[in-house]
Structure formats: structure tokens, C-alpha cells
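Each remark here refers to the structure printed beneath this line.
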Amino acid sequence: MVVCPYVESLDNAGVYLTVGNEDSLFQEPEFARMQDLNAFLKSDKLGKGDDFAPHLRTQLALAKKMFRKNQMVEKMKAAVSESQRS
């Protein structure tokens, strides 16, 4: 069974945004300090380092791993490459 990588990405986003999950944003050290979801998500530091949001970095690493393993991604890359040659 081939799973669409976009579905996997949405699933990872859902895991990150769900209270109680091990790697959720609610477990982030900076979110615990701020206690302001809006400010946390708008922060310029979000996604740029391990100190601000280490759980996000973990989720991104898992998503990248899934993208690399997914056969559909290779088909998408081939289609894009072929369309650029046309």
C-alpha cells in the first residue's frame, strides 16, 4: 500500500498540535515558558533551531524520513523533472 506523503505530513502536523502527545508543541520548553499559542506559532525562532522547538525538529525529521522512503515521492520528482524538460 502506498500512502500519499501529504497525508503523512498532515498526520505529523496533527500529532504536533494535539495535547498529550509526546512530541506535541505543548511539550516544547518555550511554549511552557510563554503559555501563548499565538505568540509561539508566530515566533521567528520556530523551526530554526533545536533550542526553541526540539519536538518540532523531531516531527520534521520523521516527516523527511517518510518522504525519502515513499515511492510516490520518486514518481512525483520524475513527473516534475519531465515537465521541466518539456
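- Ring centers of F52 and F40: under 6.0 Å apart, within the cut-off.
- Looking only at atom types and distance, the side chain of Y16 has no donor-acceptor partner in the side chain of Q27 under 3.5 Å away.
- Note that CG of L41 is 7.0 Å distant from CG of L17, once rounded to the nearest 0.5 Å.
- Under the 3.5 Å distance criterion, the side-chain polar atoms of S81 are left unmatched by any main-chain donor or acceptor of A78.
- In this structure, E28 and L56 approach most closely via the heavy-atom pair OE2-N, 2.8 Å.
- Q35 CD: more than 12 foreign heavy atoms inside a 6.0 Å radius.
- Residues V15 and Q59 come closest through the heavy atom pair CG1-NE2, 3.8 Å.
- Ion pairing between a basic and an acidic side chain is recognised when a charged N comes within 4.0 Å of a carboxylate O; R33 and E30 show such pairing.
- The distance from the CG atom of L60 to the NZ atom of K65 is 14.5 Å, given to the nearest 0.5 Å.
- N21 places no side-chain N or O within 3.5 Å of a backbone atom of D23 that could act as its donor or acceptor partner.
- Between S43 atom OG and D36 atom CG the span is 11.0 Å, to the nearest 0.5 Å.
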